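Structure, as structure tokens:
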Amino acid sequence: MTFPEALEQKKSAIDRLIEEHLRKEEGYASLLIEAVNYSLRVGGKRIRPILLTEANRLFAGEVMPEAGTLAVALEMIHTYSLVHDDLPAMDNDALRRGHPTTHAKYGEAMGILAGDALLNEAVEVAFSAVLSAEDNERTCKAAAMLFNKAGIGGMVGGQSADVLAEKRNEFIEEEKLNFIYENKTQALIEASVMCGAMLAPKASKEDVRALGRAASCIGMAFQIRDDILDVTGDEKSLGKPIGSDERNGKSTYVTFAGEEGAKKRIRELTDEACGIVSRYTGEDDFLIELFRFLAIRDI
């Protein structure tokens with residue numbers, strides 16, 4: 001099986017898990033439920049939940065049920081962040097993944113509520129994983145780590161620094177840019193890999209830390225690649241407008257290092273990440289192929 005075929009197969013498995021957790025679109029809140037379901041169904045490549053399940057498979061041999069459930073919660077967190085990120089008060093984007101953004105389709109108020117609902121659904125789904133797991137304590141710790149990296153100490157904290165700098169129209173120095181990337185993008189990718197490993201009884205604390213470092217590298221590489229794509233990408237393929245960073249006067253890694261310097265940094269980070277994972281898998285594992293795909297992707 002080729003890597004694209006394997007990736008599509010794993011994406012389909014995550015899609016099926018997500019469908020199992022969608023509410024029926026009925027009752028007085030039916031429009032909100034429809035907006036939530038729409039937001040999840042127009043999802044992208046499901047990279048973060050795949051990272052979680054693959055890290056879990058690495059140490060458990062197969063994907064544990066609680067890993068699949070937490071992968072759904074993770075995708076709900078990621079999706080809510082995108083729904084809110086697209087709002088007029090933030091990036092004001094009308095298109096994502098080639099489809100109307102949630103607020104563009106359902107209105108701003110429903111977009112806000114859909115994001116709120118998705119975060120709450122993520123909590124409920126994570127609790128269901130904890131309650132049904134054989135090892136409640138291990139699963140609880142993994143879920144706690146996931147929400148920690150999604151909150152003020154991670155994704156939301158990074159987003160707040162980014163939004164504030166943009167609203168003030170201030171130049172973001174390199175140190176602050178690294179903080180934003182490490183939290184806004186990198187933290188949730190770290191959580192994906194670390195959460196999957198933490199669930200497996202065979203994974204030691206040292207293993208989890210090692211996988212966390214690999215995820216940290218690939219998370220930064222992923223964001224730098226995003227910066228490059230905003231300059232060189234194809235709008236039709238990306239499913240969203242390009243050039244927005246330059247139009248908004250926004251600092252990116254390309255601003256400081258240039259396109260070639262950014263590409264060099266991606267290679268360094270990816271090599272480090274793959275080197276760590278190869279200690280556990282060898283050179284031909286799907287997880288390593290996925291890391292390399294994230295670093296060179298065109299979408």
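All values reported here derive from a predicted model rather than from experimental measurement.
A donor-acceptor distance shorter than 3.5 angstrom exists from the side chain of N56 to the backbone of G196, with no hydrogens or angles considered. Although no hydrogens or angles enter the test, the distance criterion places no donor-acceptor pair under 3.5 Å between the side chain of T79 and the main chain of M76. Without hydrogens or angle criteria, T270 side chain to R267 main chain gives no donor-acceptor distance under 3.5 Å. Side-chain atoms of H21 come within 3.5 Å of backbone atoms of L17 as a donor-acceptor pair (strictly under, hydrogens ignored). With hydrogens and angles disregarded, a donor-acceptor distance shorter than 3.5 Å links the side chain of T101 to the backbone of D93. The backbone N or O of A144 lies less than 3.5 Å from no partner atom in the side chain of N148, so there is not a single donor-acceptor pair. Between the side chain of T281 and the backbone N or O of V277 there is at least one donor-acceptor pair closer than 3.5 Å. Counting only distance, with no hydrogens or angles, the side chain of K167 and the backbone of A89 share a donor-acceptor pair below 3.5 Å.
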For this session: Dump the intermediate steps for side chain to side chain contact (heavy atoms under 4.5 Å, CB included) on L7 and I50, then the final yes or no.
Result: CA-CA 9 Å; L7 182 61; I50 291 173; 3.9 Å; yes
For this session: Using the salt bridge (charged side-chain N to carboxylate O under 4.0 Å, His left out) rule, take D271 and R292 through it: C-alpha gap first, then chi angles, then the decisive distance, then the call.
Result: CA-CA 9 Å; D271 286 346; R292 296 203 180 279; 3.5 Å; yes
Exercise. Between Q9 and M1, does a side chain to side chain contact (heavy atoms under 4.5 Å, CB included) hold up when you go through it step by step?
Worked result: CA-CA 10 Å; Q9 185 182 79; M1 185 183 299; 3.4 Å; yes
Exercise. Does the side chain to side chain contact (heavy atoms under 4.5 Å, CB included) test come out yes or no for R213 and S216, once each step is laid out?
Worked result: CA-CA 5 Å; R213 173 57 191 167; S216 175; 3.9 Å; yes
For this session: Go through the steps for E19 and R16 under the test salt bridge (charged side-chain N to carboxylate O under 4.0 Å, His left out), then give the verdict.
Result: CA-CA 5 Å; E19 285 292 327; R16 289 192 295 272; over 6 Å; no
Problem set entry | Worked check of side chain to side chain contact (heavy atoms under 4.5 Å, CB included) between L269 and I224 | CA-CA 10 Å; L269 289 164; I224 296 172; 4.1 Å; yes
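You'll find the side chain of T53 stays beyond 4.5 Å of the side chain of K10, heavy atoms only.
In this structure E174 satisfies the side chain to side chain donor-acceptor pair (under 3.5 Å) test with no other residue, sequence neighbours excluded.
Applying the 4.5 Å side-chain rule to ILVMFWY residues, one finds I112 in the same cluster as L87. Residue V208 belongs to a hydrophobic cluster whose other members are M145, M194, M198, with links defined by side-chain heavy atoms closer than 4.5 Å.
Of the charged side-chain nitrogens involved, at least one lies within less than 4.0 Å of a carboxylate oxygen, so that R57 and E54 count as a salt-bridged pair. With respect to E182 and K176, no salt bridge is recorded, no charged nitrogen being found less than 4.0 Å from a carboxylate O. Salt-bridge check for R23 with E121: passed, with a basic side-chain N closer than 4.0 Å to an acidic carboxylate O. The residues E268 and K264 are annotated as salt-bridged, a charged nitrogen and a carboxylate oxygen being separated by less than 4.0 angstrom. Taking 4.0 Å as the cut-off between side-chain N and carboxylate O, E75 and R48 do not count as a salt-bridged pair.
By the neighbour-count criterion of 12 heavy atoms within 6.0 Å, atom CD of E206 is densely surrounded, having more than that number from other residues, nucleotides or ligands. Atom NZ of K11 has more than 12 neighbouring heavy atoms from other residues, nucleotides or ligands inside a 6.0 Å radius. Remark: L131 CG is packed, more than 12 non-hydrogen atoms of other residues, nucleotides or ligands lying under 6.0 Å away.
The nearest pair of heavy atoms linking F256 to I172 is CZ-O, 3.1 Å. For C195 against L70, the heavy-atom pair with the smallest separation is SG-CD1, 3.7 Å. A pairwise comparison of heavy atoms in A126 and A143 identifies CB-CB, 4.4 Å as the closest pair. Taking every heavy atom of both residues into account, A161 and F179 meet most closely at CB-CE2, 3.9 Å. Residue L199 comes nearest to T139 through the heavy atom pair CD2-CA, 3.7 Å, listed as atom of the first residue, atom of the second, then distance. Smallest separation of non-hydrogen atoms from A35 and M110: CB-CG, 4.1 Å.
Summarising the geometry, atom CD1 belonging to I266 is positioned 9.0 Å from atom CD1 belonging to I218; distances are rounded to the nearest 0.5 Å. Residue L290 holds its CG atom at 5.0 Å from CD1 of I47, rounded to the nearest 0.5 Å. Atoms SG and CD1, from C217 and I276 in turn, are 5.5 Å apart once rounded to the nearest 0.5 Å. With rounding to the nearest 0.5 Å, the separation of CZ in R97 from NZ in K45 is 7.5 Å. Going from atom CZ of F127 over to atom OG1 of T69 covers 14.5 Å, rounded to the nearest 0.5 Å. Rounded to the nearest 0.5 angstrom, I189 CD1 and L74 CG are separated by 10.0 Å.
If you check the side chains of S39 and T102, you find a donor sitting under 3.5 Å from an acceptor. Defined by atom type and a distance below 3.5 Å, a donor-acceptor pair is present between the side-chain atoms of D207 and Y280. Looking only at atom types and distance, the side chain of E34 has a donor-acceptor partner in the side chain of Y106 under 3.5 Å away. Between the side chains of Q186 and E190, at least one donor-acceptor pair of N or O atoms lies under 3.5 Å. Side-chain atoms of S12 and D15 form no donor-acceptor pair, as typed in the model, at a separation below 3.5 Å.
The hydrophobic cluster containing V123 also contains I77, counting ILVMFWY residues as joined when their side-chain heavy atoms lie under 4.5 angstrom apart, directly or transitively. There is no path of hydrophobic side-chain contacts, each under 4.5 Å, that joins M90 to L188. Grouping the Ile, Leu, Val, Met, Phe, Trp and Tyr side chains by contacts below 4.5 angstrom, directly or via other members, places L40 apart from I33. Hydrophobic clustering of Ile, Leu, Val, Met, Phe, Trp and Tyr side chains at less than 4.5 Å, counting indirect connections, keeps L146 apart from V63. The cluster map of Ile, Leu, Val, Met, Phe, Trp and Tyr, joined by side-chain heavy atoms under 4.5 Å apart, puts L52 and L82 in different clusters.
Each of L32, L118, L31 was scored for a side-chain contact (heavy atoms from CB on, under 4.5 Å) with L113, with one residue passing: L32.
Figure legend: R265 and Y181 shown without cation-pi pairing, the cationic atom not lying both under 6.0 angstrom from the six-membered ring centre and within 45 degrees of its axis.
Aromatic ring centres of F222 and Y253: separated by at least 6.0 Å.
The aromatic rings of F293 and F3 sit tilted, their planes meeting at an angle between 30° and 60°.
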